[in-house]
Amino acid sequence: MAPRTRVMSFPKVLIERDSDSEESSSSEEEEEDAVEEEEEEAEVENDAGEKSGEGHVEEDEPSTSMKNRKKPITISLKKVCKVCKKPGHEAGFRGATYIDCPMKPCFLCKMPGHTTMTCPHRVATEFGVAPAPFKSTHRSLDYVFGRQLRCHISAIKPAFVIPNQVNCAVIRYHSRRVTCLEFHPTRNNILISGDKKGQLGVWDYGKVHERTVYGNIHGCILNNMKFSPSNDGTVYGASSDGTVSSTDLETGISSTLVNLNPDGWQGPNSWRMLYGLDMNSDKGILLAADNFGLLYMVDARSDNVIGKPILIHKKGTKVTGLHCHPLQPDLLLSCGNDHFARIWDMRRPEAGSSIYELPHKRVVNSAYFSPQTGSKILTTSQDNRLRVWDSIFGNLDSPSREIVHSHDFNRHLTAFRAEWDPKDTSESLIVVGRYISENYNGVALHPIDFIDVSTGQLVAEVMDPNITTISPVNKLHPRDDVLASGSSRSIFIWRPQENFVLKRPRDESRIVLCGKGEKERKGKPEDHSGDDLDDDAYGSKSSKTKKHNLKSKARGSKQKC
């Protein structure tokens with residue numbers, strides 16, 4: 001296993017906050033997403049024994065002061081476990097250590113008999129790989145796979161290039177937590193981001209300071225985004241407000257293609273939210289799925305819905321993701337809350353006509369074909385498992401490998417999704433954020449893991465001591481050695497660490513602070529969810545002191561921008 005990568009600091013120069021940046025979310029929104037406080041049971045007792053302890057008073061001659069004095073009230077607070085809701089113990093994060101509930105199995109591997117800190121999958125060389133039995137099939141499909149697809153896979157695995165150093169960032173870029181990221185298909189330095197409030201951000205990280213946030217497109221969470229294959233200036237978005245939008249990135253003008261809630265709010269039982277989104281590039285059909293298990297098809301050229309919605313997952317369950325095959329877009333891979341991932345032939349879109357079903361033990365957050373040939377499948381499930389199928393033409397009854405990985409979160413986080421490296425010709429490198437924190441030199445950090453799915457080994461874990469929030473949203477660049485990660489409301493750009501760091505010019509700032517400083521949260525417990533909380537170093541007093549010492553340099557950088 002490669003040595004762990006530990007980056008010590010960001011570039012030193014910071015610039016002042018922009019006055020036109022959006023302010024932090026309101027107090028009502030903060031209260032809505034605040035961490036749930038521990039349940040407390042108050043027992044009120046009349047402590048009559050305290051009277052006798054203070055001094056003996058004759059019953060025949062009670063004093064007037066004792067009559068007027070109020071009886072003392074004793075309130076005892078009992079801490080209750082957040083997992084099993086029983087008193088006597090507690091579970092959760094304590095610094096960088098995760099304390100397991102004694103009434104439940106290991107939080108990491110979901111197996112009884114040990115705790116998360118002593119879990120064998122946590123210290124295994126293969127990072128918790130459970131190999132599937134050897135499969136040998138002799139069918140005509142194997143011949144087709146070997147002649148038509150295997151030739152496109154590189155026989156020699158190239159060396160992995162890991163972006164392990166923060167090159168630039170925008171702190172508190174969005175007013176709410178980041179939910180999705182997409183790189184521009186033709187312009188290398190353009191990154192598109194969406195947040196929980198429905199805003200769409202356009203950031204040129206090559207120039208750092210050129211960024212735009214469109215806040216009038218969606219009313220709530222922007223769950224997925226896809227670029228138009230015919231026009232790289234148009235991006236489609238699926239939101240929890242039940243709409244699919246088409247937005248021009250230059251002007252910010254948006255049009256609604258699908259609106260599942262034309263009558264507005266009619267109650268939670270009828271409100272439809274859109275999550276999965278993808279594009280069939282060959283036919284120009286936009287595919288979107290909602291929280292009732294239905295699939296909608298939209299003709300992107302005429303902006304009209306095609307036919308009736310199709311039930312592709314259990315009725316009343318959320319379809320969390322859609323992905324079209326890179327070489328055969330008529331093959332669709334879907335996943336949902338019914339604990340299944342399914343493969344569909346969109347030339348015959350009918351309910352119950354899936355080609356194959358891939359069962360999981362819990363909710364499936366994402367499912368993707370491999371980016372080069374589409375012969376592999378990668379899924380991320382809430383049971384802390386990454387599952388890999390090496391060939392869609394082989395036996396799909398069980399995965400080729402199961403990799404134990406920490407991404408089962410409690411609340412207030414964007415779902416973790418393991419994503420392929422689109423540049424890796426061997427189709428073996430993936431990136432995924434980690435939920436359980438690790439202790440690095442006394443600091444509790446949540447690394448971003450690079451895993452080789454062909455062996456299950458942890459290739460590298462990248463982190464920065466200034467990023468103390470969780471990074472569940474990660475996207476690798478399709479052409480450059482760049483990683484974009486969304487952590488709370490901030491976005492970070494990672495690049496490979498250079499050998500000659502001293503030769504790098506430091507005359508311009510690469511870190512931008514947006515919005516106002518985070519207000520002090522008195523009386524609230526420490527939040528490890530990373531949702532809308534800026535507990536990074538740039539929101540602390542130490543960073544303010546550092547910024548004050550570099551005030552002259554920061555002013556010079558701001559004038560240049």
Side-chain angles (χ1 to χ4, degrees), residues 1-2 4-5 98 105-111 114 116-135 157 160 162 320-321 323 333 335 339-341 358-371 375-392 394-409 415-422 424 426-438 446-463 470-476 483:
M1 183 173 65
R4 297 180 176 179
T5 304
Y98 185 86
C106 171
F107 182 75
L108 178 58
C109 69
K110 313 301 181 184
M111 301 296 292
H114 58 270
T116 300
M117 296 304 298
T118 60
C119 180
H121 296 289
R122 185 167 185 167
V123 296
T125 306
E126 292 80 14
F127 202 59
V129 145
F134 177 78
K135 309 183 190 68
K157 182 182 294 186
F160 297 133
I162 306 300
T320 56
H323 188 225
L333 181 61
C335 58
H339 303 182
F340 278 94
L358 309 177
H360 293 69
K361 294 182 179 179
R362 288 186 62 186
V363 174
V364 188
N365 294 339
S366 64
Y368 298 108
F369 289 110
S370 53
S375 61
K376 298 181 180 181
I377 293 178
L378 169 67
T379 64
T380 306
S381 177
Q382 280 294 104
D383 61 353
N384 275 345
R385 296 294 193 278
L386 304 174
R387 291 175 173 84
V388 182
W389 284 263
D390 286 337
S391 173
I392 60 176
N395 186 2
L396 298 179
D397 293 338
S398 61
S400 304
R401 272 167 302 283
E402 288 186 1
I403 305 174
V404 179
H405 184 266
S406 173
H407 49 257
D408 179 14
F409 61 95
F416 290 84
R417 299 182 180 94
E419 302 221 5
W420 298 95
D421 183 1
D424 180 24
S426 64
E427 297 182 331
S428 57
L429 185 64
I430 66 170
V431 60
V432 59
R434 192 188 305 179
Y435 175 67
I436 295 180
S437 59
E438 301 288 346
H446 303 264
I448 302 173
D449 295 330
F450 288 83
I451 301 175
D452 184 353
V453 295
S454 62
T455 62
Q457 292 185 347
L458 178 64
V459 177
E461 50 183 1
V462 300
M463 77 290 294
I470 306 173
S471 302
V473 186
N474 300 280
K475 178 73 68 172
L476 284 167
L483 168 67

Ring centre gap for F160 and F450 strictly below 6.0 Å: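 Ring centres of F450 and F160 not closer than 6.0 Å.
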Expected output: side-chain [X] to main-chain [Y] donor-acceptor under 3.5 Å:
X	Y	result
R385	E402	no
W420	F369	yes
D383	R362	no
S471	G433	no
S454	S428	no
D424	L429	yes
D452	V459	no

Hey, what's the ring geometry for Y435 with F416, parallel, tilted or perpendicular (30° and 60° as the breaks)?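 Ring orientation, 0 to 90° scale: perpendicular.
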Which heavy atom of [X] sits nearest to which heavy atom of [Y], and what is that distance?
X	Y	value
L108	C119	CD2-SG, 3.9 Å
L378	V388	CD1-CG2, 4.0 Å
S375	E427	OG-OE1, 3.9 Å
H114	M111	CE1-O, 3.8 Å

Test log, rule side-chain contact (heavy atoms from CB on, under 4.5 Å), inputs R387 and S381: CA-CA 8 Å; R387 291 175 173 84; S381 177; 3.6 Å; yes
[X] side, atom [atom1]; [Y] side, atom [atom2] - distance, nearest 0.5 Å:
X	Y	atom1	atom2	answer
Q457	I451	CD	CD1	11.0 Å
N365	H407	CG	NE2	6.5 Å
I392	L333	CD1	CG	9.5 Å
S366	R417	OG	CZ	6.5 Å
I470	I448	CD1	CD1	11.5 Å
S370	D390	OG	CG	9.5 Å

Pairwise side-chain contact, K361 with K110, heavy-atom cut-off 4.5 Å (strictly under): no
Taking ring-ring contact (aromatic ring centres under 6.0 Å, His included) as the definition, give me every residue that meets it alongside F340, ordered by chain and number, with sequence neighbours left out. none
Less than 4.0 Å between a side-chain N and a carboxylate O, is that true for R434 and D449?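 Salt bridge flag = yes for R434 with D449.
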Are I403 and V453 close enough, and set up right, to give a side-chain contact (heavy atoms from CB on, under 4.5 Å), and what steps lead you there? CA-CA 8 Å; I403 305 174; V453 295; 4.2 Å; yes
Any residue meeting side chain to side chain donor-acceptor pair (under 3.5 Å) with H360, in chain and number order, not counting sequence neighbours: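 H360 satisfies side chain to side chain donor-acceptor pair (under 3.5 Å) with T379 once adjacent residues are dropped.
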Determine, stepwise, if the pair M463 / E438 fulfils side-chain contact (heavy atoms from CB on, under 4.5 Å). CA-CA 10 Å; M463 77 290 294; E438 301 288 346; over 6 Å; no
Between D421 and V431, is the side-chain contact (heavy atoms from CB on, under 4.5 Å) condition met? List the steps. CA-CA 7 Å; D421 183 1; V431 60; over 6 Å; no
Go through N474 and E419 one step at a time and tell me if the side chain to side chain donor-acceptor pair (under 3.5 Å) criterion holds. CA-CA 8 Å; N474 300 280; E419 302 221 5; over 6 Å; no
